There are 2 protein chains.
Amino acid sequence: MTSVSTEPRNTDGPSPATPPTGGSAAQRERRRRILDATITLAAEGGFDAVQMRAVAEQAEVALGTLYRYFPSKIHLLVSALAREFTKDVDRSAVRATPGDTAHERIMYVLNRRTRALQKQPKLTEALVRAFMFADQSVTGEIHEVGTSLTTVIARAMHGTPTLGEVTEEEAAIIRIISDVWLSALISWVTGRMDEQDVEKSIDVAVRLLLR
Amino acid sequence: MTSVSTEPRNTDGPSPATPPTGGSAAQRERRRRILDATITLAAEGGFDAVQMRAVAEQAEVALGTLYRYFPSKIHLLVSALAREFTKDVDRSAVRATPGDTAHERIMYVLNRRTRALQKQPKLTEALVRAFMFADQSVTGEIHEVGTSLTTVIARAMHGTPTLGEVTEEEAAIIRIISDVWLSALISWVTGRMDEQDVEKSIDVAVRLLLR
DNA sequence: GACTGATGTAGAACGTGTTACAAGTCTAGA
DNA sequence: TCTAGACTTGTAACACGTTCTACATCAGTC
């Protein structure tokens, strides 16, 4: 039912016309309201419920303004995902991850995040689908999400909030784990895996990669 | 610009109202024409160019008929992908994969397929995006694609066209390789990786998993 | 205080996926 | 052959992402 733009657009500037930190206080406030509305609607009804008119109305901005801030529905949802993930990264910087081995720590971090997402299936569906559908014009936001994820995994791998050097090999392993995690998440969102399958598949991947 | 349904629909029957092999000769012929038109349009203009009205026109069926055969654009594209992959599996069954080690054979198979896809970037974009965006209602077609992929990798791993027993561990490794491959393909489609990155990332994953 | 350019608002308009409907056509079985 | 039912067709209508237009507001400058 819902439509989704797939054409690159807004090619003359950075993807979010209003980046997270720039602009006046009123603008940052509008941006926050828009993302809040997005999360609320997505949590209630998933991807399809995030309708641009509904977001605009709930955030109390005009439709044109919404599009000025986020040039497409996909940008909007991926930006929302990036904001959520960034919160998580900040939290993970505060204290060491529990667990005696890299395997345990990585599983701890990923399972915690997985379970948090699974508590809000509609929201997760909306965010993950948007992430996967994103095209070239969303590169910036996608990259932000990817960075958050690898940072958190790298911290868990080393067991310290401060991030030391990461070797080539470790970086490769982390990327693969991210891929498996995202893949599992999609499978879960689309009903092809249940909660246990997700944890299991990540566990196997981590075990195979860290041996 | 393009719209994509994300609601489950056609919930009272199997996803493709007309499965690949059933129906009259005329129906199989119509199905073939529809998928051919889909591939042609996708190869020319990617996901956005696969417009349902255009597919119907080129396949010389009515729009309603198109929807009777494929209940949504996503079903249509994923079915097209499944058909292409199935062809590949059939081919891989004919002769042994070249290469002295499992690593070499897997890389041979995946690289060959990757390069084939990269020769038709628009087509690949359309098929991969549809695959990733697919929701619950497309489970059947998705599963078909997944099976093709794992079969081909399993054959390459063993080096024989006939498929012997696959251990739990091997199955897990194959799934992870599939995940990495699909992930890399998406990154390539969306311009976040180039050809070499794709091959490299798969090579690293296979090396780490088979050591 | 008036001007100007950027920003925001309200709402219409457009394109494409999807659905609905009325009428024609084909097929199996009596 | 005739008929019931399934299948096709052609076309209109609808929903929602996206774009466009005309006007209002606001911040900074003279």
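Within every chain, numbering begins at 1; the chains are lettered A, B, ... in the order of the sequence lines, protein sequences first and strands thereafter. A quick note: this is a predicted structure, and the numbers were derived from the prediction, not measured. Below, all heavy atoms of this structure are taken into account, side chains as well, without hydrogens, waters or symmetry copies.
Between B/Tyr69 and D/dT8 there is a side-chain polar atom (N or O) within less than 4.0 angstrom of OP1 or OP2. Note on A/Gln27: a side-chain N or O is less than 4.0 Å away from OP1 or OP2 of C/dG8.
Side-chain atoms of B/Arg53 lie closest to D/dA13 of the nucleotides D/dT8, D/dA13, D/dG17. Across C/dT9, D/dT9, C/dT16, the shortest atom-to-atom separation from the side chain of B/Ala62 is found for D/dT9. Closest contact between the side chain of A/Tyr67 and the listed nucleotides C/dT18, D/dT9, D/dG17 involves D/dG17. For A/Thr65, taking side-chain heavy atoms from C-beta onward, the closest of the listed nucleotides C/dT9, D/dG17, D/dT9 is C/dT9.
Atoms CE (B/Met52) and P (D/dT9) sit 14 Å apart, rounded to a whole Å. Following rounding to the nearest Å, A/Arg68 (CZ) and C/dA10 (P) show an atom-to-atom distance of 15 Å. Rounded to whole Å, atom C1' of C/dG17 lies 10 Å from atom CD1 of B/Ile74. Between the CZ atom of A/Arg31 and the P atom of C/dG8 there is a distance of 13 Å, given to the nearest Å. Going from atom CD of A/Glu57 over to atom C1' of C/dA10 covers 13 Å, rounded to whole Å. A straight line from CZ of A/Phe133 to C1' of D/dG17 spans 12 Å, rounded to a whole angstrom. For the pair B/Leu66 CG and C/dT19 P, the interatomic distance rounds to 12 Å; values are reported in whole Å. Rounded to an integer number of Å, the gap from CZ of A/Phe70 to P of D/dT18 is 13 Å.
Taking a cutoff of 4.0 Å between a charged side-chain nitrogen and a carboxylate oxygen, B/Arg175 and B/Asp179 do not qualify as a salt bridge. Salt bridge absent: A/Arg115 and A/Glu195 never bring a charged side-chain N and a carboxylate O closer than 4.0 Å. Between A/Glu169 and B/Arg207, at least one side-chain N (NZ, or NE/NH1/NH2) sits under 4.0 Å from a carboxylate O, which counts as a salt bridge. Remark: A/Lys200 does not engage A/Asp194 in a salt bridge, criterion side-chain N to carboxylate O under 4.0 Å.
Each of A/Glu60 and B/Leu63 was matched to the nucleotide of DNA chain C holding its nearest heavy atom; the match closer to the 5' end belongs to A/Glu60.
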Polar pairs (N or O, both sides) under 3.5 Å between protein and nucleotides 25-27 of chain D?
none

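Looking at every heavy atom in both residues, B/Glu125 comes nearest to B/Gly46 through OE1-CA, 3.4 Å.
Proximity of a side-chain donor or acceptor of A/Arg33 to a complementary backbone N or O of A/Ala59 within less than 3.5 Å is detected.
The aromatic rings of A/Phe85 and A/Trp181 sit tilted relative to each other, their planes meeting at an angle between 30° and 60°.
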